Amino acid sequence: MTFLKISSLRLKYQNEYILDQLNLSVQKGELLVLLGESGCGKTSLLKIVLGLLQPEEGTITLEGIPITTLPPQKRKMGYVPQAQVLFPHMTVKQNINFGLEVHKEIPNSQDLYSKAIKLTQLTSLEDRYPAELSGGQQQRVALARAIAIQPQILLLDEPLSSIDASGREELALTIRRIQQETHTTILYVTHNHQEARLIADRIAVIFDGKVQQLDLSRAVYDSPANYTVAKILGKENIWPILGVENLNGQPLITTPVGNFPLSLGNRSLTVENVETFTAIGLPVQKYSLIKLENSDKEPILPSSHTNENLKIMNLICKVDALIEGDNDSDKALLTIYPRFDESIKILVKKAEPLDCGSLCFFLLEIPFEDFYIF
Amino acid sequence: MRQEKRHIQIRDKIFPVLIPIMGALLVFLFFLFLFYIPLGKVFEFAFWTTPQTEDSSIWNVLGYSLNLRALQFSFLEALVSTVGCLLIGIPIGIFLAHYKFKGRRAILNILTIPFVLPSIVVLLGFIIVLGDGGWINSLWMFLSGSSTPLFSIYGNFMGIVIVHIFYNISIAVQLIIPAWQQVDFDMVDVARSLGASPTKIFFKIIFPQIKHAILSATLLIFIYTFNSFAIVLFLGNVRLQTLEVRIYKLMKVGFDFQGGAILAILQMVINLALLGFYSQTLRKSRGNSKTSTRNFEYRTFQIRRSRSSLTFHTFWRILLVIFLGILLSFIILPILAIFISAFTPIAGSNDVFYGFRLIFSPNYVPLLGASTLRILWNTLYFALLTVGITSAICLIILFIYRWKYRAISQYRPSSLESVLTVFITLPMATSSISLALGLFLLFKSSVIYFEATWILIICAHVLISIPFALRTILNAYNRIDMELINVATTLGASNWHIFRKIEWPLIKRGFLVGALFTFAISVGEFGATYFLARGEYETLSVSISKLLITRNMQLPASMASILILFCFLAFFIIQKLGDYQLKI
């Protein structure tokens with residue numbers, strides 16, 4: 001059941017639409033993460049939902065009731081901003097009680113206060129001032145203050161971004177636990193895809209003022225809708241498709257890593273629809289690197305061969321960095337030179353010992369079926 | 001219950017709109033009647049009145065040698081004083097910013113003393129110490145047996161410059177300290193690791209980071225000394241007078257209203273240009289914020305002695321300490337002199353309050369125009385009323401300013417705020433004599449001027465203090481994180497509730513500091529009061545200037561010591577509030 005519905009929303013900032021015909025539906029009781037790069041308009045979207053910003057166009061309904069022009073005071077939404085925004089001259093208790101004192105119509109405010117403080121595990125800190133708390137504790141107070149008024153929906157704007165690494169996961173799990181215990185609907189904004197993956201029921205990826213993909217967390221990760229979504233999700237080794245070439249009657253798609261015959265692998269790619277695809281991606285773990293010979297030998301010109309299952313490239317590579325994992329998952333960041341005047345960064349699974357900074361020739365074996373095509 | 005709710009709803013809807021509009025109207029009317037219409041009067045006298053004499057036409061006034069000389073002197077004296085202030089103030093500022101040692105805070109406070117004191121008091125202190133019959137000259141005459149003083153600060157260019165340096169040095173020191181502490185010393189470390197010499201590091205790395213602060217200090221000291229009145233009025237002569245003094249003399253001595261009005265407009269144009277330049281550099285210096293996250297670390301100051309000889313660095317440090325010592329005594333001495341002079345019993349008596357007894361006796365009523373008790377009452381009464389009116393106006397302006405949040409919520413610049421800024425910038429560029437001049441020209445024939453000059457004096461004080469008070473209050477207000485207000489709004493708090501519970505508690509210190517500054521400014525204000533005061537509406541600073549003529553320095557010193565106490569009290573509370581900023 002759609003709880004919060006945002007339709008055709010537009011917002012202009014300095015003569016440019018930062019949100020453009022944006023649509024989004026949030027289900028009751030879910031934790032929906034709005035994932036997008038910094039400056040993509042996700043905080044503005046949150047502020048529009050809160051009523052702190054007025055959109056140029058579009059409507060927002062909450063349980064079917066339009067709230068687009070309703071002042072923020074009347075929306076009864078909880079808000080936790082990015083930085084630890086606590087009233088500095090009030091104790092933890094006074095901060096949490098602020099909303100309860102304003103909403104005189106809420107009965108049993110004392111019980112609600114106790115519940116909020118218990119959920120956020122702040123019982124021993126009630127009489128402290130914000131300056132006496134750590135970043136994580138401050139953010140828990142902000143969370144308690146927001147949930148104390150029993151909001152219809154809780155809106156969190158990058159709540160973990162200003163907290164040190166050790167407290168981040170703990171707070172993320174606290175948020176998740178509170179959401180599951182109280183069945184609160186949460187709209188959570190972040191630019192961090194790992195955070196989104198950790199916490200979300202569903203993820204909405206925002207780019208270019210629009211929701212690019214909205215799906216269950218796993219579904220978004222397994223099949224990103226397009227190149228941008230894949231980039232935002234932190235996928236490695238994605239390159240744009242530059243065009244289609246014809247080689248001896250054989251259509252080839254041109255990419256910065258080389259040319260790929262259309263006849264291979266991916267069933268969704270045909271000569272007719274190749275124009276609509278913009279990018280190609282390689283999953284890191286699916287291909288390996290075989291060292292051919294050392295750089296002091298006679299150089300071999302880059303060439304590529306294909307057979308039915310493999311794309312085999314013979315490339316000049318420079319090892320930029322070695323990323324240590326457990327033995328099976330060591331990776332290397334390489335610069336490869338598909339042509340003499342071009343270079344691309346690629347992350348590969350390391351099959352044999354490599355020296356950082358060395359220039360070598362490699363045979364790159366890539367199972368073609370595992371390409372993403374967007 | 002429902003009716004009450006409806007009532008609250010109407011209040012919440014109407015008040016946020018009505019209060020700023022009503023407030024804006026009130027502030028508008030205040031400035032219109034007490035600044036813009038008087039300003040119009042100045043223009044009318046300057047350009048649209050038939051010249052009183054042939055000499056009063058615009059070109060004659062601008063080309064008249066004494067006026068030109070005043071303009072030239074204002075620039076020259078301001079330039080030399082500014083350079084002097086910077087030459088002494090910058091090294092001291094850097095030293096105090098860089099090193100932490102016992103007594104650092106005390107030195108900073110002592111350096112600020114002259115600036116919080118009224119100019120007439122500072123002048124008096126210098127006359128007692130350096131005047132023709134002052135301590136140093138008396139000592140010289142006693143030792144040498146000569147009957148002529150060693151030097152005279154009267155009619156002496158350098159005398160005026162020295163007092164100006166003393167008076168304004170704290171601006172240079174106070175501006176350079178935060179700028180130095182903002183310097184990114186990570187960059188210095190990087191430059192050092194790259195092999196740059198200390199000189200190169202200073203000019204290529206450090207100087208670009210503090211140059212805006214230096215420029216700000218330069219312009220501010222220039223503006224203050226360019227518009228100097230009391231000091232030049234008493235130490236200068238016909239050749240040595242600033243535009244401010246020249247305007248006063250034209251108006252009050254020569255009764256050349258047109259000439260005064262023309263010079264006042266010329267002075268305002270120059271001030272506007274300087275102020276515009278100043279606010280531009282201020283914006284740049286604020287924009288030039290620190291890139292490194294490393295906090296500033298004080299160095300502990302100690303004079304090290306190497307095994308055989310003092311190191312080069314130590315030598316310079318000792319020199320700086322000596323220099324600082326001389327400067328501090330230079331600052332403390334005139335203030336101390338006032339107290340010593342006030343409490344010295346006359347020969348053959350033990351009565352330390354002799355001076356006070358004299359000024360409170362009826363003998364001096366004819367000279368002062370009123371009893372000292374009345375003058376004391378006037379001073380406090382004017383100051384308190386000024387504080388009340390200035391605070392009310394600042395509060396209204398603050399409410400208008402709050403509207404910017406509404407504009408921000410629509411991603412638009414606040415037009416009301418821009419109009420307001422322009423509206424109150426012009427009074428800032430107007431010197432106190434020019435403010436008084438406008439009020440005088442507008443009301444000179446009215447009953448207010450003859451019967452109730454105090455109203456005009458208070459208005460002038462309010463106009464002079466508003467920029468300082470407002471800046472302190474808006475600084476405090478701008479420090480409030482806008483997200484606090486957003487959060488409070490989403491928690492259901494009304495506009496009024498947010499102001500009462502969030503904004504007011506966070507700005508009340510700034511507000512109090514603004515009020516105390518207003519009090520200190522009003523209590524010590526000299527120029528406008530000297531111009532406007534009539535009959536029994538004298539204040540302490542004007543009376544001190546009258547007592548200067550008696551040549552018995554004990555009388556003005558006694559009165560000045562009362563004034564110093566008021567100013568110190570205000571300054572002490574400002575310091576205790578911990579939110580103190582110099583009136584820059």
Side-chain angles (χ1 to χ4, degrees), chain A residues 11-19 41 43-44 46-56 71-90 94-106 130 141-142 145-149 151-155 157, chain B residues 1-2 4-17 293 402-414 476-512 577-579:
Chain A
L11 180 74
K12 209 183 213 172
Y13 177 63
Q14 290 179 345
N15 299 325
E16 218 174 277
Y17 281 105
I18 50 168
L19 298 176
T43 298
S44 298
L46 211 63
K47 289 195 170 169
I48 289 174
V49 175
L50 283 160
L52 297 170
L53 272 180
Q54 279 303 310
E56 308 278 325
Q73 284 95 335
K74 312 276 180 214
R75 296 192 185 196
K76 214 181 164 205
M77 293 179 176
Y79 173 44
V80 179
Q82 193 168 358
Q84 294 88 19
V85 181
L86 297 180
F87 307 129
H89 55 297
M90 294 183 190
Q94 288 166 330
N95 259 288
I96 298 171
N97 271 324
F98 184 88
L100 291 169
E101 282 164 11
V102 174
H103 286 283
K104 292 205 169 65
E105 75 282 0
I106 301 178
V141 178
R145 185 178 58 189
I147 58 171
I149 59 165
Q152 308 197 66
I153 181 167
L154 188 59
L155 297 111
D157 185 5
Chain B
M1 183 77 184
R2 179 177 290 179
E4 191 188 335
K5 205 172 172 183
R6 205 179 137 79
H7 179 74
I8 290 171
Q9 270 180 357
I10 292 170
R11 191 190 70 185
D12 279 358
K13 265 192 183 161
I14 293 176
F15 271 28
V17 182
T293 50
R402 279 181 90 230
W403 249 35
K404 79 171 186 181
Y405 288 134
R406 293 178 159 268
I408 286 172
S409 77
Q410 286 153 7
Y411 277 155
R412 282 191 204 117
S414 166
Y477 192 77
N478 283 332
R479 281 202 293 267
I480 299 177
D481 184 354
M482 208 183 125
E483 282 285 42
L484 283 178
I485 292 158
N486 281 343
V487 168
T489 313
T490 60
L491 289 169
S494 67
N495 220 325
W496 173 240
H497 193 81
I498 293 172
F499 182 76
R500 215 161 43 92
K501 293 279 183 179
I502 312 289
E503 291 163 283
W504 177 248
L506 295 176
I507 59 161
K508 66 180 176 197
R509 268 166 183 249
F511 206 84
L512 205 54
L577 285 170
D579 197 16

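Keep in mind that what you see is a predicted model, and the values were worked out from it rather than measured. So that the names make sense, note that chain A is the first sequence line, chain B the second, and so on, each numbered from 1. No hydrogens, no waters, no symmetry mates; every other heavy atom, side chains included, goes into these values.
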*Counting only heavy atoms closer than 4.5 Å, note whether B/Leu484 contacts chain A via side chain, backbone, both or neither.*
both
*Between A/Lys76, A/Glu101, A/Lys47, which has the largest tally of heavy atom pairs under 4.5 Å with chain B?*
A/Lys47
*With A/Glu16 via side chain to side chain donor-acceptor pair (under 3.5 Å) - residues at least two apart*: none
_Flag, side chain of A/His103 to backbone of A/Ile149, donor-acceptor distance under 3.5 Å_ = no
*Below 4.5 Å from any heavy atom of chain B, which atoms of A/Leu86 appear? Answer side chain, backbone, both or neither.*
backbone
_Those residues that, when tested against A/Tyr17, pass ring-ring contact (aromatic ring centres under 6.0 Å, His included) (two or more places apart)_ = none
*asked:* Can you tell me which portion of A/Phe98 sits under 4.5 Å from chain B's heavy atoms? Options are side chain, backbone, both or neither.
replied: side chain
*Cation over ring face, A/Arg145 and A/Tyr79, 6.0 Å, 45°*: no
